[in-house]
Amino acid sequence: MLIKTFGGALTGIDAITVTIEACTQLGAGLMLVGLPDTAVKESCQRVQAAITNIGMEFPRSALTVNLAPADVRKEGGAYDLPIALSVLVAGDKLQAPDLDKYYIMGELGLDGEVRAIRGALPMAIQARKEGFKYMIVPGANACEAAVVDNLTVYGVDNLRQVIDHLTGAAKLQPTVVDTRAEFARAQANFDLDFADVRGQENVKRAFEVACAGGHNILLVGPPGSGKSMMAKRLPSIMPPLTLAEALETTKIHSVAGKLGRGSMLMTTRPFRAPHHTVSPVALVGGGANPMPGEISLAHNGVLHLDEFPEFNRQVLEVLRQPLEDRKILVSRAKYTVEYPAGFMLVASMNPCPCGYYTHPTRACTCSPGAVAKYKNRISGPLLDRIDIQCEIQPVPFDQLSQGQPGESSAAIRERVVAARAIQADRFRDNPGIYCNAQMTSKMLRQYCRLDDASMRLLRTAMDRYDMSARAYDRILRVARTIADLHSAADILPGHIREAISYRALDRSTWGTTF
């Protein structure tokens with residue numbers, strides 16, 4: 001007897017449908033084919049033990065299970081549940097006439113428990129796309145899969161529940177999620193707020209400009225000046241996630257197995273802060289079993305690299321292409337996958353090895369050569385890709401001791417959202433462009449025209465500080481964002497002056513002011 005069930009395999013952050021075919025033959029035993037990895041091959045033992053331990057008889061005839069398409073590698077234990085059902089129906093131990101209407105995934109324990117899997121959301125999207133009416137997933141993944149509308153999702157905790165549901169002995173209740181209501185309710189919940197920050201008004205302003213235009217930012221300052229504290233509050237002033245962005249972000253985290261039990265859509269922008277010992281593969285993704293890296297987990301959110309010069313030079317250089325293209329193509333001998341990487345880079349560093357080169361009261365103990373060598377750990381091309389380079393100083397005691405809270409994140413966010421609305425209208429005819437940081441050279445000529453005074457100011461800065469052509473483009477992009485924050489149609493000299501002040505680490509300007 002031949003029977004088919006259906007599941008999914010992950011490719012990048014999407015899924016493809018896998019057909020699990022089972023048929024009986026003369027002999028005994030269970031054989032798996034269809035390019036399974038070791039974890040899938042071991043499902044033979046898990047499936048047999050699970051079926052026996054829930055009180056059912058494992059078929060005595062020989063069984064061949066094929067996972068099609070055969071040229072796609074199948075990984076992980078998520079095929080246990082559809083394999084178990086295929087084996088039972090093919091071996092005439094279970095009657096399930098509507099099995100072909102279900103998209104089924106789940107890992108089995110030896111006692112029949114159904115355990116959580118990775119990638120339930122992209123699989124649910126694929127199930128709806130393929131026209132399936134029902135989906136059975138582990139209970140831990142039910143809310144995640146139920147985000148997809150026009151698909152009835154059942155969450156199960158053990159194999160016996162699935163069998164009883166398919167035979168009609170005890171029907172399961174579908175998991176229902178009001179996606180838009182849940183998304184709207186949880187969207188503005190932040191534990192950290194800029195109201196807790198005393199002083200640092202210039203840095204808050206730099207963050208506001210960065211969020212308003214989607215610009216990358218580098219903070220340079222001595223230890224204890226508040227670089228990490230302020231970076232962690234950045235998501236609270238970024239524009240709210242749209243439903244499409246939330247869906248895409250949740251897919252990435254689902255594929256990586258980063259969603260908690262019972263999670264639904266991610267409602268706040270991700271904030272990723274890998275340690276400086278991170279490897280290039282952990283940052284960009286890949287590995288023996290391809291997984292999204294930190295830059296993809298930060299998609300639509302923030303990638304915070306603290307102690308920037310302490311990162312391995314090779315690790316930092318792999319950031320250059322994703323910062324420009326907003327995606328990463330991971331090519332290996334056995335696979336090629338593409339992951340999105342539209343993140344906002346927030347880096348922070350000390351100005352020198354001892355940390356006190358620019359400190360107002362403490363003397364730096366480093367030699368001039370050591371200061372230059374420390375800064376040169378970050379390559380010029382990578383620095384050019386960071387639009388805003390802002391110096392930060394420790395907050396004086398008088399400001400720290402003030403009882404008055406600072407401006408709230410909600411107030412800053414309103415201005416950021418207003419500026420983004422201007423940009424959305426500006427780029428409405430340019431697919432894939434959403435903010436000023438993404439403008440091409442052609443768009444710069446169209447939207448960043450300068451008057452004579454602004455052009456003279458920019459020319460003077462370029463000559464004095466020996467800036468690169470890429471730095472020129474960055475200044476124009478940042479100036480355009482500053483103008484948007486002021487609701488100005490044209491870029492004015494004041495906007496150019498502020499944008500130039502955000503190039504603190506350009507080689508000939510380090511340690512000076514403009």
Side-chain angles (χ1 to χ4, degrees), residues 1-25 27-51 58-59 61-91 99-100 102-108 114-127 129-130 132 135-138 141 251 254-257 281 285-293 329-339:
M1 182 179 180
L2 175 65
I3 190 69
K4 295 181 180 181
T5 56
F6 301 92
L10 298 173
T11 58
I13 64 168
D14 298 310
I16 62 171
T17 298
V18 172
T19 304
I20 298 94
E21 303 171 318
C23 70
T24 55
Q25 305 175 84
L30 176 60
M31 178 181 291
L32 272 176
V33 295
L35 209 59
D37 72 350
T38 302
V40 180
K41 290 177 181 177
E42 291 174 348
S43 66
C44 295
Q45 287 71 38
R46 291 194 297 272
V47 166
Q48 187 167 356
I51 290 174
F58 191 83
S61 56
L63 290 155
T64 300
V65 177
N66 177 44
L67 307 176
D71 59 342
V72 175
R73 187 165 182 81
K74 320 305 185 304
E75 300 170 345
Y79 299 96
D80 293 357
L81 185 55
I83 289 173
L85 295 173
S86 297
V87 165
L88 287 171
V89 177
L99 195 58
D100 58 346
Y102 286 85
Y103 204 90
I104 304 170
M105 293 297 283
E107 180 183 336
L108 287 176
V114 180
R115 295 171 177 164
I117 61 172
R118 293 188 300 113
L121 178 57
M123 290 178 187
I125 294 172
Q126 179 66 15
K129 180 180 177 182
E130 294 280 345
F132 287 90
M135 184 174 187
I136 294 177
V137 292
N141 301 109
K251 281 174 61 178
S254 175
V255 168
V281 172
N289 299 323
M291 297 277 283
L329 186 67
V330 181
S331 298
R332 300 292 183 265
K334 295 183 178 180
Y335 63 83
T336 298
V337 295
E338 182 176 292
Y339 295 119

* **Minimum heavy-atom distance between Ala22 and Ala90, given as atom pair plus value** => O-CB, 3.8 Å
* Asked: How close do Gly76 and Val40 get, heavy atom to heavy atom, and via which atoms?
  -> O-CG2, 3.2 Å
* **ring pair (Phe, Tyr, Trp, His ring centres under 6.0 Å) partners for Phe6, two or more places apart** => Phe132
* Asked: Would you say the side chain of Ile3 lies within less than 4.5 Å of the side chain of Cys23, judging by non-hydrogen atoms?
  -> no
* Asked: Does some side-chain heavy atom of Tyr339 sit less than 4.5 Å from a side-chain heavy atom of Val330?
  -> yes
* Asked: Just wondering, do Asp100 and Lys4 contact through their side chains at under 4.5 Å, heavy atoms?
  -> no
* To do: Mind checking the CD1-OG spacing from Ile20 to Ser86? Nearest 0.5 Å is all I need.
  => 6.0 Å
* Asked: Under 4.5 Å between any side-chain heavy atoms of Pro138 and Ile117, yes or no?
  -> yes
* Using side chain to side chain donor-acceptor pair (under 3.5 Å) as the criterion, list what pairs up with Glu107, not counting sequence neighbours. => none
* To do: Please report the shortest heavy-atom distance between Ala78 and Pro82, naming the atom on each side.
  => O-CD, 3.8 Å
* Would you find a donor on one side and an acceptor on the other, under 3.5 Å apart, between the side chain of Lys74 and the backbone of Leu67? -> yes
* Give, for atom CG of Asp37 and atom CG of Asn289, the distance between the pair rounded to the nearest 0.5 Å. => 6.0 Å
* Point-to-point distance, once rounded to the nearest 0.5 Å, from CD of Gln48 to CG of Leu108 -> 13.0 Å
* Determine whether Ile104 and Leu99 make a side-chain contact, defined as any pair of heavy atoms from C-beta on separated by less than 4.5 Å. => yes
* To do: Check whether any side-chain heavy atom of Leu35 lies under 4.5 Å from a side-chain heavy atom of Val72, and answer yes or no.
  => no
* To do: Please answer whether the main-chain N or O of Ser43 pairs with a side-chain N or O of Asp80 as donor and acceptor at a distance below 3.5 Å.
  => no
* Taking the side chain as every heavy atom from C-beta outward, state whether Tyr103 and Thr17 have any atom pair closer than 4.5 Å. => yes
* To do: Go through Ile136 and Leu81 one step at a time and tell me if the side-chain contact (heavy atoms from CB on, under 4.5 Å) criterion holds.
  => CA-CA 9 Å; Ile136 294 177; Leu81 185 55; 4.2 Å; yes
* **Heavy-atom check, side chain of Thr24 versus side chain of Pro59, under 4.5 Å** => no
* **Side-chain donor/acceptor of Ser254 to backbone N/O of Ala120, under 3.5 Å** => yes
* Asked: Taking all non-hydrogen atoms of both residues, which atom of Met105 and which atom of Met123 are closest, and how far apart?
  -> CG-SD, 3.7 Å
* **Shortest non-hydrogen contact between Pro290 and Val337, atoms and distance** => CB-CG2, 4.3 Å
* Asked: About how many Å separate CZ of Arg73 and CG of Leu10, when rounded to the nearest 0.5 Å?
  -> 14.5 Å
* To do: Please assess Phe58 against Leu88 for the test side-chain contact (heavy atoms from CB on, under 4.5 Å), listing each intermediate value before the final yes or no.
  => CA-CA 7 Å; Phe58 191 83; Leu88 287 171; 6.0 Å; no
* Measure from the side-chain N and O atoms of Lys41 to the backbone N and O of Leu32, and report whether any donor-acceptor pair falls under 3.5 Å. => no
* For Val281 and Gly286, work out which heavy atoms get closest and say how close. => CG1-C, 4.1 Å
* To do: Spell out, as yes or no, whether a donor-acceptor pair under 3.5 Å connects the side chain of Tyr79 to the backbone of Val18.
  => no
* Side-chain donor/acceptor of Arg118 to backbone N/O of Val255, under 3.5 Å -> yes
* **Working for side-chain contact (heavy atoms from CB on, under 4.5 Å), residues Glu338 and Ile13** => CA-CA 8 Å; Glu338 182 176 292; Ile13 64 168; over 6 Å; no
